[in-house]
Amino acid sequence: GDSVTQMEGPVTLSEEAFLTINCTYTATGYPSLFWYVQYPGEGLQLLLKATKADDKGSNKGFEATYRKETTSFHLEKGSVQVSDSAVYFCALSDGGATNKLIFGTGTLLAVQP
Amino acid sequence: EAGVAQSPRYKIIEKRQSVAFWCNPISGHATLYWYQQILGQGPKLLIQFQNNGVVDDSQLPKDRFSAERLKGVDSTLKIQPAKLEDSAVYLCASSLSSIAGRGYTFGSGTRLTVV
């Protein structure tokens with residue numbers, strides 16, 4: 001079945017460092033891809049999404065490009081801030097009747113001042 | 001707009017007891033989801049409603065879990081009897097429809113601890 005694999009954390013960076021969180025997927029069809037973020041004590045928030053190959057999703061300085069040839073959707077940010085510390089989840093939706101989201105295991109990002 | 005409301009925020013129960021969680025989705029959102037998030041794992045779909053009908057409950061342990069969505073608005077998820085492995089955060093989410101590519105809006109979740 002469909003699945004999502006994320007790099008394991010925690011990822012610890014200094015403020016203003018470059019961030020990459022790897023995400024690859026397995027899907028039989030043409031899924032939509034998402035990044036969700038979960039700040040401490042809060043629910044999941046949609047960070048960005050891409051619905052077809054070569055689309056780039058972006059929000060709050062974060063970017064991810066839907067790469068069909070490598071089945072990847074890596075999250076990047078050029079300069080992280082302490083406030084970016086959170087758990088990041090990659091997810092896919094297979095676009096079936098249910099639009100079910102399948103999540104990766106999450107990557108904890110800790111940004112130090 | 002108001003977000004997805006869930007209650008309670010925290011619940012501690014003993015194994016074999018029963019527990020219920022409540023969710024109020026965003027007004028007008030026809031699709032409602034319950035996810036289970038075990039510590040260290042990504043959320044897993046338990047059940048999806050479209051209005052007040054069940055669309056997908058294939059991952060719901062029906063011997064102990066039940067859910068309903070009366071009048072297509074609020075929803076309740078129940079566990080009876082609870083097991084230790086049910087300790088998790090239970091997330092409710094809603095969306096306007098089940099069209100592919102639409103993100104969900106999640107509530108803050110209910111953290112359940114079974115002792």
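The figures here come from the full heavy-atom set of this structure, side chains too, leaving out hydrogens, waters and symmetry mates. No experiment lies behind these values; they were computed from the predicted model shown.
Linking ILVMFWY residues whenever their side-chain heavy atoms come closer than 4.5 Å, directly or via other members, leaves B/L46 and B/V4 in distinct clusters. Both B/I47 and B/V19 belong to a common hydrophobic cluster when Ile, Leu, Val, Met, Phe, Trp and Tyr are linked at side-chain heavy-atom distances under 4.5 angstrom. Connection of A/V87 to A/L92 is not established within any shared hydrophobic cluster, with ILVMFWY side chains joined at heavy-atom distances below 4.5 Å, either directly or through further cluster members. A/L109 and A/Y39 fall within a single hydrophobic cluster, where Ile, Leu, Val, Met, Phe, Trp and Tyr side chains are chained together by heavy-atom contacts under 4.5 Å. With hydrophobic clusters built from ILVMFWY side chains whose heavy atoms lie under 4.5 angstrom apart, B/W34 shares a cluster with B/F65.
Within the 4.5 angstrom heavy-atom criterion, only side-chain atoms of B/R9, from C-beta onward, approach chain A. Neither the backbone nor the side chain of A/Q6 has a heavy atom closer than 4.5 Å to any heavy atom of chain B.
Counting only heavy atoms from C-beta outward, the side chains of A/F89 and B/P43 approach each other to under 4.5 Å. In this structure, B/Y35 and A/L101 have side chains that are in contact, with non-hydrogen atoms separated by less than 4.5 Å.
Atom OG1 of A/T105 sits about 10.5 Å away from atom CD of B/Q37, to the nearest 0.5 Å.
Of the possible donor and acceptor atoms, none in the side chain of B/Y104 sits under 3.5 Å from a partner among the backbone N and O of A/L44.
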